[in-house]
2 protein chains.
Amino acid sequence: MSAGAVTIGEAARATGVSAKMIRYYEETGLIAPAARTASGYRLYAEADLHALRFVRRARDLGFSVEDIRALLALWHDRARASAQVRTLALSHVSDLRRRIEALEGMARTLENLAAHCVGDARPDCPILDDLAAGPHADS
Amino acid sequence: MSAGAVTIGEAARATGVSAKMIRYYEETGLIAPAARTASGYRLYAEADLHALRFVRRARDLGFSVEDIRALLALWHDRARASAQVRTLALSHVSDLRRRIEALEGMARTLENLAAHCVGDARPDCPILDDLAAGPHADS
DNA sequence: CTTGACCTTCCCATGATGGGAAGCCCCACA
DNA sequence: TGTGGGGCTTCCCATCATGGGAAGGTCAAG
């Protein structure tokens, strides 16, 4: 099949995962230790690149490295139940939704405050007034 | 006026900022070094607590410590233009909105994938298939 | 005077990433 | 055959905001 193994720089270019991160993933056991040349260079075969692309895609979807560890295990487990994958994905979605709500709350509050701030050369500013009032119950 | 100064633990309780963080904020110059008792205990007067509550509120609204540094400066500057505060706040809002959009994209993608995954005992799983396909253009 | 709760400083860890130094390796070209 | 430049190796450090914990001093109540 294809030419065979490539070095870490080419693997990085081919997968969108930086060489730094490839080494880090190896060090933390997320991916298997790469094969090495006689002189110690890491070598990546097509299957390794495939795994790296998997990791990259999962990172793009916001999964933590720990989550990806689980996803990779499921990927490699041909006897997995798709329910497990689905559960993992949906629990990540609720996490995302929770974070989105938190950020939404902040954005809404700030937009409200900004809407009441004339924003001219005068010093009067409801935004600072709000901050100065300290921690709020919410919104 | 009020009873005077309190120790760091009471300040933490009174402001919702942990003692650890209070020391950190002092170390990094976000807040002024606290007064000290003869034996070296930090002491916080009402004005200090006010500043800490300001910081806490700003953190709750997602401002970075660096942003808060600017906000505190504006707060203390009685000649400030409210426009400056407003600009800072709105730029933070766009940052929040950008992050929200990124998370939304992830959540939507995962929900789509999950919707196509039967999630039973069988191994077939569009979620893993997607991940295995590697980095995507988007959505 | 003891006890327990508090304070001090100092160091370490997190998660995922990048920066950079020192030193080895490999290929192409002269 | 020698050399230059680019790529590889490992190792250490920084980020950002936060917490944990150890070793040791302090304070107030009993």
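All figures in this text were calculated on a predicted structure; none of them were measured in a lab. Residue numbering restarts at 1 for every chain, and letters A, B, ... go by the order of the sequence lines.
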Short side-chain to backbone donor-acceptor contact, Ser82(B) and Pro123(A), under 3.5 Å: no
Quickly work out the [X] [atom1] to [N] [atom2] distance and round it to whole Å.
X        : N       : atom1 : atom2 : result
Asp95(B) : dC16(D) : CG    : P     : 14 Å
Arg56(B) : dT18(D) : CZ    : C1'   : 13 Å
Ile31(B) : dA17(D) : CD1   : P     : 14 Å
Glu10(A) : dG6(D)  : CD    : P     : 16 Å

Aromatic ring pairing Trp75(A)/Phe54(A), orientation class (parallel under 30°, perpendicular over 60°, tilted between): parallel
Along DNA chain D (nearest heavy atom to each residue), the more 5'-positioned of Ser39(B) and Glu66(B): Glu66(B)
Degree of bending in the helix from dC1(C)-dG30(D) to dA30(C)-dT1(D) once both end axes are built from five pairs, to 10°: 30°
Sugar-phosphate only, base, or nothing, as touched by Ser64(A) at under 4.0 Å among non-hydrogen atoms: sugar-phosphate
Polar side-chain contact Tyr41(B)-dC27(D) base: donor and acceptor under 3.5 Å: no
Sorted by number, the residues of residues 11-30 of chain A with heavy-atom contact under 4.0 Å to DNA chain D: Lys20(A), Arg23(A)
Charged N-O contact under 4.0 Å between Asp95(A) and Arg98(A): yes
